[in-house]
Colleague: 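Below you'll find the structure I mean.
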Amino acid sequence: MFDQYKLLSNINTPEDVKKLKLNQLELLCKELRDYIVEVTSVNPGHLGSSLGAIELAVAIHYVFDTPNDKLIWDVGHQAYAHKILTGRREQFAKNRRYKGLSGFPKMSESPYDAFGGGHSSTSISSILGMAIAAALSGNTSRNHIAVIGDGSMTGGMAFEGLNHAGSANANILVILNDNGMAIDENVGALSNYFIQLTTSSTYNSFRKKIWKMFSHKDDRGYPIRNVIKQIQDTIKGSILKNSNLFEALGFRYFGPVNGHDVVFLVKVLRRLKHIQGPKLLHCVTIKGKGLQEAEKRQTLYHAPGKFDKETGKILEIAFEPGEIEKYQKVFGETICELARENEKITGITPAMASGCSLDIMMKRFPDRTFDVGIAEQHAVTFSAGMACEGFIPFCNIYSSFLQRAYDQIIHDVALQRLHVIFCIDRSGLVGEDGATHHGCYDLAFLRCIPNMIIAAPLNELDLRNMMYTAVKTNAPFAIRYPRGKGVSNNWKNQPFETCEIGKGVCLKEGKDLAIISVGHIGNSGLQVVDTLTEEDIAIGLYDIRFLKPIDEQLLHVVCSRYRIIVTVENGSIIGGLGSAVSEFITTHNYKNKLKIIGIPDRFVEQGSIEELHKECGLDYDGILKTVRQLLSSTLSESGFTGLPSDASVLNCDLSD
């Protein structure tokens with residue numbers, strides 16, 4: 001595979017990069033770009049972001065002494081070139097695969113990954129902590145570099161870090177990789193500010209002349225440096241009146257510079273390496289650089305799937321008539337139906353419009369749809385503010401990103417009992433993005449919050465009806481559903497039905513053992529029931545539907561009728577459905593044997609959803625195996641009575 005890569009085939013560590021002549025770096029960048037395209041064309045990953053950061057990765061490793069000098073990538077999906085240059089060239093072919101490389105920097109994977117970077121806007125805070133720790137330890141020579149971009153600078157935590165770093169006078173270099181994008185196009189005043197800063201022809205022309213005038217001088221000559229800074233401040237203050245944001249925060253600002261001129265980047269970084277204190281280098285890059293289709297269609301090529309490495313054309317799998325739609329499409333179409341009937345309905349997402357299909361509503365109701373950027377905390381409290389004024393906000397956030405807004409959910413929404421509807425996308429195990437993106441914990445961390453309604457659909461019709469029901473309530477309402485396909489396409493053009501909040505359903509009655517499930521994973525339970533039914537083994541299956549308020553009447557019936565209870569959830573085994581059923585059994589003095597099937601108490605790495613479900617025993621085979629083992633080992637025991645002191649609950653009829 002590496003025969004065509006003359007330079008890259010000999011790069012095993014950054015020390016090998018340093019052996020190259022300066023005029024060889026452009027060829028190395030080209031080979032890296034070609035290799036990333038070659039691999040990701042057949043093993044899909046985050047393409048566009050990494051293609052745009054190749055020159056940055058090469059220049060940084062050429063100038064700085066990594067891993068002694070600390071380097072953090074934010075967001076980490078920009079770091080493919082970094083991974084390849086730091087001893088993972090061959091392993092990159094298994095990037096994001098089961099038992100392969102993580103798609104993000106990972107401390108346990110390489111000493112060159114100074115900090116994990118699956119979620120955005122964390123680099124400045126973490127690099128500042130390292131820099132101050134180094135100073136406290138007497139290490140004043142180490143460099144600390146944070147590369148932040150692909151929308152990460154729009155996150156509030158980035159500015160918390162900037163604010164502290166500027167006042168701490170720490171020796172850090174923040175490199176702003178400004179490509180104008182996140183997954184979708186960057187939004188908001190900050191994005192407009194960067195555009196204004198990088199496109200002011202008067203400022204850039206004047207700055208270039210001044211830089212050239214003093215370029216032959218020693219950067220460490222204080223009189224010259226002071227003169228340059230005075231001139232620079234005057235230029236920025238008079239020509240671009242709002243351009244001193246970073247300098248106002250205590251940073252020395254350098255740029256904008258061409259982030260694809262690797263030779264120039266090396267020269268700039270060599271100078272910045274010897275300037276103490278907080279510094280920010282503003283690099284302008286192109287997302288998808290070097291692949292024409294990726295440059296033209298940047299949102300689509302953020303993670304395009306498989307494509308032709310020569311033409312860049314995506315190898316689209318034809319959508320067959322009758323093929324099952326994804327839950328995301330169901331959400332996007334349903335919210336538009338609801339919004340058509342109710343002008344108070346709005347849609348909010350933190351930079352995930354296309355991923356969650358809120359872009360469907362954006363096209364049809366642009367005035368009522370809001371992409372707030374990578375700002376989950378703001379998205380939740382913004383939704384709360386709209387709810388205060390009588391609007392009904394649907395706040396769609398990926399499960400793993402909702403973790404970042406936990407205080408806002410409690411303090412700003414639930415405590416005030418505001419009518420915010422949380423549509424929690426990517427719940428459960430999500431696949432190749434791995435541990436940083438699995439939606440394992442939403443059931444657990446939401447269940448303990450007062451006033452919260454928590455629902456999970458078994459299928460597409462359930463999702464539609466739960467969204468419809470949520471509109472009619474006056475309380476915080478969370479609906480969680482997985483990434484990917486549903487069950488059938490019978491949801492289209494169907495009338496809405498109101499769900500009875502806190503009411504589960506009996507899908508199949510049986511004896512001895514009952515499965516209680518929540519959400520889409522219950523379909524695997526249906527398969528298990530069907531298999532055992534063919535063997536004349538009758539077990540019960542119940543869809544709890546609402547984790548909160550939970551259907552206690554249903555639980556009384558199940559605990560009274562069945563010796564063994566198995567809970568199945570695509571979420572953490574601690575704190576979710578299994579924990580709720582265990583608490584119920586204990587509270588009401590039942591004696592049932594309980595088995596909880598879910599995501600184990602450890603971080604699950606990357607792989608296909610099928611591989612990860614199998615690893616956790618959440619697939620059809622795993623659930624069936626567990627049920628068989630429980631039946632064979634337990635039913636021989638005698639003396640079962642699950643009855644509480646009040647057996648009247650046995651009169652409950654769940655046949656409906």
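Just so it is clear, the values below take in all heavy atoms, side chains as well, and ignore hydrogens, waters and symmetry mates.
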Colleague: For the pair Glu293 (side chain) and Thr311 (backbone), establish whether a donor and an acceptor sit closer than 3.5 Å, ignoring hydrogens and angles.
Modeller: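 No: the side chain of Glu293 does not pair with the backbone of Thr311.
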Colleague: Is it true that a side-chain atom of Gln24 and a backbone atom of Lys21 form a donor plus acceptor pair closer than 3.5 Å?
Modeller: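 Yes: the side chain of Gln24 pairs with the backbone of Lys21.
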Colleague: Between His82 and His61, how do the two ring planes meet: parallel, tilted or perpendicular, split at 30° and 60°?
Modeller: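 Aromatic pair His82/His61 classed parallel.
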Colleague: Is the closest side-chain donor-acceptor distance between Asp433 and Gln606 under 3.5 Å?
Modeller: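 Checked: Asp433/Gln606 side chains show no N/O donor-acceptor pair below 3.5 Å.
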Colleague: Above 12 or not: heavy atoms from other molecules or residues under 6.0 Å from CD of Glu605?
Modeller: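 Yes, the 6.0 Å shell around CD holds more than 12 heavy atoms from other groups.
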Colleague: Please check this pair: side chain of Thr369 against backbone of Ile348, looking for a donor-acceptor N/O pair closer than 3.5 Å.
Modeller: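 No, because the side chain of Thr369 does not come within donor-acceptor range (under 3.5 Å) of the backbone of Ile348.
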Colleague: Checking Ser608 side chain against Glu611 main chain: does a donor-acceptor pair fall under 3.5 Å?
Modeller: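 Yes, Ser608 side chain to Glu611 backbone: donor-acceptor pair under 3.5 Å.
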Colleague: Check Asp371 against Ala351 and note the closest heavy-atom contact, atom names and distance.
Modeller: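 Looking at all heavy atoms of both residues, the shortest contact is OD1-N, 2.8 Å.
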Colleague: Are a donor atom and an acceptor atom from the side chains of Asn95 and Tyr80 found within less than 3.5 Å of each other?
Modeller: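 Yes, because at least one side-chain N or O of Asn95 sits under 3.5 Å from a partner of the opposite role on Tyr80.
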Colleague: Give a yes or no on whether the backbone of Lys6 and the side-chain of Glu31 come within a donor-acceptor separation of less than 3.5 Å.
Modeller: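 Checked: pair present.
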Colleague: Would you say NZ of Lys273 has more than 12 non-hydrogen atoms from neighbouring residues, nucleotides or ligands within 6.0 angstrom?
Modeller: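 For Lys273, atom NZ is crowded (more than 12 foreign heavy atoms under 6.0 Å).
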Colleague: Would you say that more than 12 heavy atoms from the other residues, nucleotides or ligands in this model lie under 6.0 Å from the NZ of Lys18, or not?
Modeller: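 Check passes, neighbour count above 12.
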Colleague: Do you see a donor-acceptor pair shorter than 3.5 Å between the side chains of His437 and Tyr398?
Modeller: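 On atom types as modelled, these side chains do not qualify, holding no pair under 3.5 Å.
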Colleague: Do Asn139 and Ser141 have side-chain atoms, one donor and one acceptor, less than 3.5 Å apart?
Modeller: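 Result is yes, a qualifying pair exists.
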Colleague: Do the charged groups of Lys287 and Asp150 touch, with an N to O distance under 4.0 Å?
Modeller: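 Judged by the 4.0 Å cut-off on N to carboxylate O distance, Lys287 and Asp150 do form a salt bridge.
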Colleague: Would you say the side-chain atoms of Ser400 pair up with the backbone N or O of Gly439, donor to acceptor, closer than 3.5 Å?
Modeller: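 Not confirmed, Ser400 side chain does not pair with Gly439 backbone.
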Colleague: Could you check whether Asn171 and His144, counting side-chain N and O atoms only, form a donor-acceptor pair closer than 3.5 Å?
Modeller: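 No - no donor-acceptor pair under 3.5 Å links their side chains.
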Colleague: Mind checking salt bridge (Lys or Arg N to Asp or Glu O under 4.0 Å) for Lys19 and listing every partner two or more places apart, or none if nothing turns up?
Modeller: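 Only Asp16 meet the salt bridge (Lys or Arg N to Asp or Glu O under 4.0 Å) criterion with Lys19.
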Colleague: For the residue pair Thr285 and Asn177, confirm or rule out a side-chain donor-acceptor distance under 3.5 Å.
Modeller: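 Distance-only check passes for Thr285 and Asn177.
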Colleague: So how far is it from Leu402 CG to Tyr441 OH, rounded to the nearest 0.5 Å?
Modeller: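 Between atom CG of Leu402 and atom OH of Tyr441 there are 14.5 Å.
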Colleague: Can you tell me how far apart CE (Met361) and CZ (Phe370) are? Round to the nearest 0.5 Å.
Modeller: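 Answer rounded to 0.5 Å: 8.5 Å.
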Colleague: Are Tyr406 and Gln377 close enough that a side-chain donor and a side-chain acceptor fall under 3.5 Å?
Modeller: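 No - no donor-acceptor pair under 3.5 Å links their side chains.
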Colleague: Compare every heavy atom of Ser152 with every heavy atom of Ser121, then report the nearest pair and how far apart it is.
Modeller: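 Shortest heavy-atom contact: OG-O, 2.7 Å.
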Colleague: Could you tell me which non-hydrogen atom of Gly76 sits nearest to which non-hydrogen atom of Phe104, and how far apart they are?
Modeller: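 For Gly76 and Phe104, the tightest heavy-atom pair comes out as C-CD2, 3.9 Å.
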Colleague: Identify every side-chain donor-acceptor pair in residues 122-130 under 3.5 Å, counting partners at least two apart or on other chains, and give the distances.
Modeller:
unit_1 : atom_1 : unit_2 : atom_2 : d
Ser123 : OG     : Asp74  : OD2    : 2.8
Ser126 : OG     : Thr122 : O      : 3.0
Ser126 : OG     : Ser123 : O      : 3.0

Colleague: Taking the side chain from Arg33 and the backbone from Leu51, do they hold a donor-acceptor pair closer than 3.5 Å?
Modeller: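 Looks like yes, one N/O pair under 3.5 Å.
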Colleague: What I want to check is whether the side chains of Arg142 and Asn68 have a donor and an acceptor closer together than 3.5 Å.
Modeller: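 Arg142 vs Asn68: no donor-acceptor pair found between side chains.
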Colleague: Are side-chain N/O atoms of Arg88 and Thr86 paired as donor and acceptor at under 3.5 Å?
Modeller: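 A pair is found: one side chain offers a donor N or O, the other an acceptor, under 3.5 Å apart.
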Colleague: Minimum heavy-atom separation for Phe307 and Ile314, please, with both atom names.
Modeller: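 What the structure gives for the nearest pair is CB-CA, 3.8 Å.
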Colleague: Among residues at least two apart in sequence or on other chains, which ones pass side-chain hydrogen bond (donor to acceptor under 3.5 Å, both in side chains) with Glu295?
Modeller: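 Here no residue qualifies.
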Colleague: I want to know whether His119 and Phe401 have ring centres closer than 6.0 Å.
Modeller: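 Between His119 and Phe401, the centre distance is under 6.0 Å.
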Colleague: Taking atom types as modelled and ignoring hydrogens, do the side chains of Arg96 and Asn43 form a donor-acceptor contact shorter than 3.5 angstrom?
Modeller: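 Note: Arg96 and Asn43 side chains miss the donor-acceptor criterion.
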Colleague: Is it the case that the side chain of Ser137 and the backbone of Ala133 share a donor-acceptor pair, with hydrogens and angles ignored and the cut-off at 3.5 Å?
Modeller: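 At least one qualifying donor-acceptor pair exists.
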Colleague: Can you tell me if Tyr62 uses its side chain to pair, donor with acceptor, with the backbone of Leu20 under 3.5 Å?
Modeller: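 Between the backbone of Leu20 and the side chain of Tyr62 there is a qualifying donor-acceptor contact (under 3.5 Å).
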Colleague: Considering all heavy atoms of both residues, which atom of Phe159 and which atom of Leu245 are nearest to each other, and what is their separation?
Modeller: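 Nearest pair, atom of Phe159 first, then Leu245: CE2-CD2, 4.1 Å.
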